[in-house]
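Everything below concerns the one structure shown next.
The basis for the numbers below is simple: all heavy atoms, side chains too, and nothing from hydrogens, waters or symmetry mates. When a residue number appears, it is its place in the shown sequence, counting from 1.
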Amino acid sequence: MATKPIIEIEYCPKCNWMLRAAYMAQEVLSSFTEDVYGVTLVPSEIAGRYTVRVDGNEIFDRKREGRFPEIKELKQLIRNVVAPEKSLGHSDKTV
């Protein structure tokens, strides 16, 4: 049996991004209850960092993208790695 992946959200505590990270963690856990082992919030020592990883592999970086991820986008990025066959319902619909 394969081990379930761990999602990691590394955020800048000096920028007061912990609540944003906690909200995203809650959304991820709600959508992927059966698909992930858990979500870890990591206070970064690097100012301005907001990076999301699945099992250590970066899937989103705020500095690289120049913005924060939309929750719909983040769920799609995670789904594509942890459960590609999973439907995200309304989060799969394009605007």
Side-chain angles (χ1 to χ4, degrees):
M1 185 166 102
T3 306
K4 291 181 180 181
I6 296 172
I7 311 301
E8 180 181 291
I9 301 174
E10 184 178 358
Y11 66 94
C12 176
K14 293 178 184 171
C15 299
N16 294 316
W17 291 341
M18 183 176 68
L19 284 177
R20 179 187 304 266
Y23 163 71
M24 290 193 176
Q26 173 187 323
E27 286 291 319
V28 168
L29 286 171
S30 293
S31 293
F32 299 99
T33 304
E34 303 294 324
D35 306 302
V36 301
Y37 182 77
V39 178
T40 303
L41 300 181
V42 180
S44 182
E45 294 181 8
I46 299 170
R49 176 161 287 172
Y50 197 91
T51 304
V52 181
R53 297 180 189 89
V54 177
D55 279 344
N57 298 309
E58 184 179 293
I59 62 166
F60 192 93
D61 179 70
R62 185 193 70 82
K63 284 193 175 181
R64 186 184 68 229
E65 299 294 330
R67 60 183 174 80
F68 287 98
E70 295 292 330
I71 194 62
K72 173 181 170 178
E73 173 188 22
L74 185 60
K75 287 180 181 183
Q76 289 172 345
L77 290 169
I78 291 170
R79 184 270 315 274
N80 293 346
V81 175
V82 305
E85 71 291 343
K86 184 180 188 85
S87 169
L88 295 175
H90 69 276
S91 289
D92 269 337
K93 293 182 175 46
T94 56
V95 177

Exercise. Not counting sequence neighbours, list each pair that qualifies as a ring-ring contact (aromatic ring centres under 6.0 Å, His included) and has a residue in residues 19-50.
Key: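 Checked against ring-ring contact (aromatic ring centres under 6.0 Å, His included) - neighbours excluded - the pairs reaching residues 19-50 are Tyr50-Phe68.
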Quiz prompt | Partner residues of Lys14 under the side-chain hydrogen bond (donor to acceptor under 3.5 Å, both in side chains) criterion, sequence neighbours left out | solution =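 Expected list: none.
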Quiz prompt | For Arg53, side-chain hydrogen bond (donor to acceptor under 3.5 Å, both in side chains) partners two or more places apart | solution =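 Checked Arg53 against side-chain hydrogen bond (donor to acceptor under 3.5 Å, both in side chains); matches are Glu8, Glu10.
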Quiz prompt | Contact summary for Ala21 and Leu41, nearest pair of heavy atoms | solution =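 Ala21 and Leu41 have their closest heavy atoms at O-CD2, 3.6 Å.
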Practice problem: Please report the closest heavy-atom contact between Val82 and Pro5, naming both atoms and the distance. | Solution: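 For Val82 versus Pro5, the nearest heavy atoms are CG1-CG, 3.3 Å.
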Separation between [atom1] of [X] and [atom2] of [Y], rounded to the nearest 0.5 Å:
{"X": "Ile9", "Y": "Met18", "atom1": "CD1", "atom2": "CE", "value": "12.5 Å"}
{"X": "Asp55", "Y": "Lys4", "atom1": "CG", "atom2": "NZ", "value": "13.0 Å"}
{"X": "Ile71", "Y": "Ser31", "atom1": "CD1", "atom2": "OG", "value": "7.5 Å"}
{"X": "Glu70", "Y": "Gln76", "atom1": "CD", "atom2": "CD", "value": "11.0 Å"}

Determine whether [X] and [Y] make a side-chain contact, defined as any pair of heavy atoms from C-beta on separated by less than 4.5 Å.
{"X": "Thr40", "Y": "Ile7", "answer": "no"}
{"X": "Tyr11", "Y": "Ser44", "answer": "no"}
{"X": "Val52", "Y": "Leu74", "answer": "yes"}
{"X": "Arg62", "Y": "Cys12", "answer": "no"}
{"X": "Val81", "Y": "Asn57", "answer": "no"}

Quiz item: Thinking salt bridges, do Lys86 and Glu34 make one under a 4.0 Å N-O criterion?
Solution: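 So Lys86 does not pair with Glu34 through a salt bridge.
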